[in-house]
Amino acid sequence: MTDCSDCTILLLDDEPLILMDLEFAVEDKGCAALCSSTVQQAIDLLEQTETIHVAILDVTLQDGETCVPVARALEQRGIPFVLHSGDLDRQDETVRDLDAELIAKPSSADSVIRRALDFSERTRA
Amino acid sequence: MSDSEDRPSFANQMPVGSATFDDAPRRFRADHPEDKFSGASGVLFEQAMAQTRMAICLCDPHAEDTPIVFANRAFRALTGYDEEEIIGNNCRFLQGPDTDPKQVEKIRHALATEDVLVVELLNYRKDGSSFWNALHLGPVYDNDGNLMYFFGSQWDVSDVRAARAEEHHAKMMARELSHRMKNMFAVISGIVNITGRMRGIEKESAEINGRIQALGRAYETTLDEASSGSIEIGQAIRAILSPYGADEDRLIFLGNGARVPFQTVSVVGLVLHELAANATKFGAWSDDNGRVEVDWKRGEVDDSAALIIEWQEVGGPQVSEPENDEGTGTAIVNRMLRLAQGQIDREWAKDGLRVTISVPLGSMA
């Protein structure tokens with residue numbers, strides 16, 4: 001099990017209930033959650049925050065947005081991220097392009113966070 | 001052909017205004033004495049040209065603006081033009097406002113390079129109505145390898161395109177539905193978790209969520225074939241179990257294709273979820289070595305068709321039958337299978353639990 005207290009996790013999802021569920025699960029692990037529901041919010045958080053350990057991105061967002069701009073910004077900063085999506089079929093190209101770990105919706109919030117933290121640790125190792 | 005200027009074209013030999021065009025082989029040959037339409041093969045070729053339902057034309061690349069010099073009956077039927085309106089004109093009179101210039105450019109390029117080309121482009125009939133034309137064109141050479149004509153065949157593929165568009169639309173709808181359904185399951189999970197948290201029953205809510213999510217995964221695989229009423233159960237089984245077998249070697253799928261009625265999916269989803277949850281807690285997946293093999297097939301139980309699933313745990317810790325099982329997942333599975341008129345047999349073998357499940361397939365033989 002990953003030792004993850006003090007980790008900061010960026011969350012991006014346009015569905016408030018899912019976001020809340022993930023936020024609780026992050027707090028359960030003793031970590032800090034930064035919640036965003038649009039690309040702009042996520043980018044703003046990214047720019048305002050010194051250290052983010054890992055990000056969990058919903059792929060398809062409202063108003064035709066996808067998480068790609070956020071993913072690119074994370075890549076630039078060397079921050080690992082996982083994709084959490086119910087839309088993996090349609091986003092096939094995008095997703096393959098990003099070369100990130102995929103977590104299919106629906107998965108339990110707890111396992112999403114756990115996998116994200118494991119992934120982060122593997123990436124850093 | 002070097003003396004192309006002198007070669008007679010159909011256009012200037014046609015009686016102007018002829019309403020009924022006789023494209024019988026006899027006449028074609030009379031018009032074209034210099035062409036090698038001789039012998040039985042020539043007659044067959046000409047008859048085929050006249051009778052085929054495929055619209056066909058020949059264009060003369062040596063005359064100014066490559067005019068059509070021959071068009072068969074099907075060509076006139078397709079385009080609605082009379083012969084004198086066709087012969088002598090360049091094919092572009094079939095184009096109209098919404099014809100894609102890119103496709104036209106491809107045609108121009110193929111003509112310039114004497115290439116064979118198949119394109120689909122929007123063409124227009126005499127009455128202004130449009131149709132999708134699958135145009136095949138290519139050069140025709142004489143025995144000496146000189147370019148004689150360009151051959152063009154036209155086929156109205158409007159229906160094909162409409163069907164293709166409809167199929168595409170249906171696929172898009174299925175994907176959108178699938179996305180929304182997964183999202184809905186995720187939101188339901190969120191609600192269950194949050195409610196569990198507020199009431200201090202996180203353990204219970206996690207258990208409920210496990211079941212909901214297994215069902216969600218199972219249903220999701222059925223969407224593509226929603227119209228057929230039956231589903232490929234193998235896909236659902238893989239989807240239900242895949243989150244448990246993080247390691248490929250520890251979850252082995254032995255079954256192959258088996259179509260079952262859609263209604264089967266919820267029972268199979270919940271039963272396999274309970275077995276997987278048990279294997280994680282007490283069975284083959286509770287230590288680092290065990291694995292689970294899952295087989296499924298269509299078979300017969302008591303002379304009626306049934307889906308038979310074999311669940312075999314191997315290499316895990318030694319298991320024995322739990323003493324009091326009422327109220328647990330096991331009891332739920334038993335009850336559910338009883339209500340579905342199915343059966344479940346558990347064998348607590350030394351090397352691991354072995355379970356055989358059968359679910360009747362009803363009238364679907």
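Per chain, numbering begins at 1; letters A, B, ... match sequence-line order.
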> For A/Ser107, is it the side chain, the backbone, both or neither that has a heavy atom under 4.5 Å from a heavy atom of chain B?
Replying inline: backbone
>> Please identify, among A/Asp110, A/Leu22, A/Leu17, A/Asp58, the residue contributing the most non-hydrogen atom pairs under 4.5 Å to chain B.
In response: A/Leu17
>> Let me confirm one number: the CD-CD distance from B/Glu274 to B/Glu207, rounded to the nearest 0.5 Å.
In response: 7.0 Å
> For residues 33-46 of chain A, which residue pairs qualify under salt bridge (Lys or Arg N to Asp or Glu O under 4.0 Å), counting only residues two or more places apart or in two chains?
Replying inline: none
>> Check whether B/Ser178 reaches the backbone of B/Ala174 with its side chain - one donor and one acceptor, N or O, closer than 3.5 Å.
In response: no
>> Heavy-atom cut-off 4.5 Å, strictly under: side chain, backbone, both or neither for A/Asp14 against chain B?
In response: neither
>> Could you check whether B/Asn209 and B/Ser189, counting side-chain N and O atoms only, form a donor-acceptor pair closer than 3.5 Å?
In response: yes
